[in-house]
Structures are given as structure tokens and as C-alpha cells.
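Encoded as C-alpha cells, the structure appears first; notes follow it.
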Amino acid sequence: MTDAGVPFEPLPVRDPAPAGPVTRASVTRVGVATALTALCGYAVLYLAARDLEPAGFSVFGVFWGAFGLVTGAAFGLLQEATREVRDAGHHPTVDGPRTHPMRVAAAVAVGAAAVIALTAPLWSSHVFVESRWLSVALLAGGLAGFCMHATLLGMLAGRDRWTEYGSLMVTDAMLRVVVAAATFVVSWGLVGYLWATVVGSVAWMIMLVAAPAARAAARVLTPGTTATFLRGAAHSIAAAGASAVLVMGFPVLLKATSGDLGATGGVVILAVTLTRAPLLVPLTAMQGNLIAHFVDQRARRLRALLTPALVVVGLGALGVVAAGLVGPWLLRAGFGPDYRADGALLAWLTAAAVAIAVLTLTGAAAVAAALHRAYSAGWVSATVAATLLLLLPLDLATRSVIALLCGPLVGIAVHLAALARS
């Protein structure tokens with residue numbers, strides 16, 4: 001995975017399009033792909049919610065959240081690959097060892113799948129109520145594929161290959177919809193939606209076969225040793241894992257702190273998912289854009305953070321109002337009369353999504369500044385705070401709001417303090 005002493009070939013020589021400032025066109029391309037990805041995600045949730053009663057949807061929601069948790073941790077590979085490739089474009093190294101990120105990702109993929117499989121007897125019975133061992137197998141295999149998927153995304157972002165970046169996102173999402181739609185039509189039930197959750201993990205292979213630019217990006221080498229890459233990736237993975245607990249893995253955390261969720265849990269999980277998706281799906285998809293932007297603006301990162309933060313807060317404020325006014329009706333009309341939540345709950349959950357979105361922004365700025373310890377400390381502290389707040393002796397909906405709203409504020413403070421010091 002490294003070749004000590006082999007001269008590092010400057011990245012522009014391998015790819016004639018050098019990394020430049022993140023442009024509006026690149027953001028637009030990723031934005032369109034993000035919109036399509038979000039629609040596909042909503043479609044899968046819609047089909048599952050209509051096909052499964054609330055109690056059944058809560059079982060699916062826990063697996064959806066578990067897969068989101070482990071793949072969210074794998075997004076640390078995207079972040080580190082983006083930063084390494086992007087930074088190398090600004091500071092091409094002539095001599096020294098170099099690393100092949102895709103090979104590192106393959107090793108991480110095998111190790112991650114093995115950890116899931118070997119530790120499953122310790123935790124799977126507490127997480128998966130039905131189709132336990134199938135869920136474990138799909139979780140392990142899906143995570144392995146996503147490690148490769150995330151690393152390829154990061155390398156495409158680092159090389160400004162935004163068309164292929166967006167295409168990879170959309171291919172992943174479309175594969176999920178196809179399997180979910182087939183499940184709905186043939187009444188495959190819960191098992192079909194479990195397969196639909198993970199099938200997109202093979203999208204990176206399709207992209208490598210279909211897109212020469214993706215193959216070229218996958219061959220890019222970065223300066224430094226494998227150990228150097230893994231050290232940075234380890235911090236990013238730890239932080240991304242903590243963030244995934246709040247962003248995608250919240251249903252798992254909710255079940256771990258609440259026991260049997262039942263129908264009420266299904267409604268709360270769906271409400272949390274729907275209120276956060278409009279903000280967090282685009283931000284997650286644009287991690288490559290954000291990190292590349294903050295690397296380019298490394299001389300004034302706090303100022304560069306201000307504009308996207310204001311955009312997120314402004315859009316979030318509109319979302320809070322909309323969720324409070326029309327959210328209950330949309331929930332009933334879209335998913336059926338069994339899914340009932342009042343406007344206040346949906347508004348507060350949307351406000352909580354804004355807090356997590358801002359934490360995502362400050363985390364991206366910390367990664368771009370190579371503040372890996374601060375990045376992971378911010379997300380871990382936010383997750384710990386949220387977990388402790390979920391233990392409050394309150395009803396399920398109230399403590400979910402408190403945990404998701406107040407936990408991220410702790411992490412934001414940690415990130416901002418580190419960025420100010422740097």
C-alpha cells in the first residue's frame with residue numbers, strides 16, 4: 001500500500017484537471033444529485049411505511065439506522081481521502097513515500113466486515129428483532145462495500161470530478177429504490193426492505209466499470225505512508241461514527257435507551273428521519289464540496305464557515321415554521337392515519353436538525369484544518385451528551401427532542417474553540 005522512496009508523481013500529471021476552487025457549477029451538480037438522492041431515500045421510506053405497519057416500520061427503521069450508523073462512520077474515509085488528495089494538489093510533493101487510498105480502503109473494508117460478523121453474537125439480539133442473522137450478514141457486507149464507495153467519493157471530490165461524484169451518489173440511491181419498489185410490488189415484506197437498504201453499496205463497482213474518470217481517480221496516489229493516512233482516517237472515522245449515531249443511527253440509540261419502541265417508536269423514528277432529511281441529506285452528500293472549500297480557504301476558515309452556516313440556519317428556520325404548520329397533515333396524508341404527530345413535535349425536531357447541520361459544518365471545517373482530534377472530540381462529546389439526555393425520565397418524544405437539540409450544541413462549541421485557536 002506504500003512504496004517508500006518512490007518519487008511522488010504530482011497529481012496534475014496523472015489527471016490534467018488540477019484541483020481548483022470549488023465552483024458554483026460543482027455545487028450545482030452535486031446539489032442536483034443530492035436532490036435526486038433525497039427523493040430516492042424518501043421513496044424507500046415511503047414504500048416501507050406504507051407496506052409495513054408502524055410496529056414493523058420501527059423494526060425496519062432500526063436496521064436502516066444501524067446501516068446508517070456504520071456507513072456514517074465509513075464517511076471518515078471520504079473525508080480523509082478528500083483532504084489528502086485536495087491538499088496534495090496544493091502542495092505537490094516530489095520525493096517520499098506514497099499511498100494508494102483505494103487499497104487502504106479495501107483493507108479497512110475487510111476488517112470492518114470481520115468486526116461486525118465476529119462481534120454480532122454480543123449485540124445482535126439486542127438490536128435486531130426479526131431476521132437477525134440476515135441483518136448481520138447484510139450489515140457486514142454492505143459496510144464493506146460502502147468503505148470502497150466512500151473512499152472513491154473522496155478521491156473524486158479531491159480531484160474536482162463532481163459529475164462522477166454525483167453519478168455515484170445517484171446510482172447508489174436508484175439501486176435502493178429499484179429493490180424497494182420490487183419488494184412493494186411482490187409483497188416481499190421486511191426482508192426485501194433490508195436488502196434495499198444495502199444494495200447501493202455495489203454502486204462503486206458499477207461506476208468504475210462505466211466511467212473512465214472514476215477509474216483514473218481511483219488510481220491516484222497520495223503523499224505519505226499508509227500509517228499516516230490511517231491515523232488521519234482513524235480520527236475521521238471515530239468522529240464520523242459519533243456523528244452517525246446522531247444523524248443516521250439515532251433509532252439504534254433510541255432503542256438502546258428505551259427498550260421496546262412499539263408503534264410510538266415507529267412514529268418518532270419516521271418524524272425524526274423526515275424532519276432532518278431536507279438539511280442533513282444535502283450536507284452529508286456535499287461533504288466533499290465542503291471540505292474542499294475549507295481547504296481552499298485555509299487562511300480564513302472561520303470566515304469561510306459563516307456563509308454556509310447562515311444559509312443552513314435560514315433554511316432551517318423556514319423548515320421549523322413549515323413543519324409546525326403543515327407537518328402533521330403531510331405525515332398523515334403521505335404515510336397513513338397511523339402516523340400521527342403534533343406540529344410542535346415536528347417543529348422542535350426540525351430545530352434539532354438545524355443544530356446537527358451546523359455541527360456538520362463546523363466538523364467539516366475542522367477536518368479541512370487537519371484538526372482531527374478536535375473534530376472527533378466535538379462529535380463524541382455531542383453524542384455522549386445526547387445519550388445522557390435520552391436517559392431523562394420523560395416521554396419518548398420529549399427526550400428525543402432534548403437530546404437531538406442540546407447534544408449538538410456541545411460539539412459545536414468544541415469545534416469552534418479549536419478553529420479559533422488554530
Side-chain angles (χ1 to χ4, degrees), residues 11 18-31 34 72 75-92 101 150-151 153-162 165-166 222-224 229 232-233 235-240 242-243 247 279-280 282-313 315 354-379 382 408 411-422:
L11 290 176
V22 178
T23 64
R24 291 183 181 178
S26 69
V27 174
T28 300
R29 285 195 290 271
V30 176
T34 300
F75 259 102
L77 291 168
L78 179 153
Q79 295 163 349
E80 188 61 16
T82 302
R83 191 190 69 80
E84 288 279 354
V85 173
R86 193 79 179 185
D87 198 49
H90 286 289
H91 305 97
T151 304
L153 277 175
M155 300 184 77
L156 290 169
R159 297 304 304 132
D160 281 330
R161 293 301 186 185
W162 301 111
Y165 183 99
T222 58
F229 185 91
H235 287 292
S236 294
I237 288 170
S243 72
V247 177
L279 279 176
L280 296 183
L283 280 180
T284 301
M286 290 186 169
Q287 284 288 293
N289 297 77
L290 289 170
I291 294 170
H293 168 68
F294 290 131
V295 169
D296 294 341
Q297 302 296 322
R298 56 195 175 280
R300 49 191 184 94
R301 288 193 177 97
L302 282 176
R303 187 182 304 175
L305 181 61
L306 182 61
T307 298
L310 290 176
V311 171
V312 164
V313 172
L315 292 175
V354 176
I356 297 176
V358 174
L359 179 58
T360 302
L361 285 176
T362 59
V367 169
L371 299 172
H372 293 100
R373 288 187 176 84
Y375 172 55
S376 57
W379 275 107
I412 291 170
V414 172
H415 288 163
L416 290 179
L419 287 167
R421 286 196 303 270
S422 70

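Reckoned from all heavy atoms, side chains included, excluding hydrogens, waters and symmetry mates. We number each residue from 1, following the sequence as shown.
- Distance OG1/Thr362 to CH2/Trp379: 7.5 Å, rounded to 0.5 Å.
- Across all their heavy atoms, Phe294 and Ala368 have their closest contact at CB-CB, 3.3 Å.
- Taking each heavy atom of Leu371 and Ala418 in turn, the nearest pair found is CD1-O, 3.8 Å.
- Of all heavy-atom pairs between Ala374 and Val414, the closest is O-CG1, 3.9 Å.
- Between Leu77 and Ala233, the shortest heavy-atom distance links the atoms CD2-CB, 4.3 Å.
- Between Leu315 and Val354, the closest side-chain pair of non-hydrogen atoms is not below 4.5 Å.
- For the atom pair Ile356 CD1 and Leu280 CG, the distance stands at 6.0 Å (nearest 0.5 Å).
- Interatomic distance, CG of Leu78 versus CE of Met155, reported as 11.5 Å (0.5 Å rounding).
- Atom CG in Leu416 sits 6.5 Å away from atom CG in Leu305 (nearest 0.5 Å).
- Rounded to the nearest 0.5 angstrom, Leu153 CG and Tyr165 OH are separated by 5.5 Å.
- Using a distance-only test at 3.5 Å, with no hydrogens or angles considered, a donor-acceptor pair links the side chain of His415 to the main chain of Tyr375.
- Between the CD atom in Glu84 and the OG1 atom in Thr151 there is a gap of 12.0 Å [rounded to 0.5 Å].
- In this structure the side chain of Pro408 never reaches within 4.5 angstrom of the side chain of Val358, judged on heavy atoms.
- Nearest approach of Ile412 to Ala355, heavy atoms of both residues: CD1-O, 3.7 Å.
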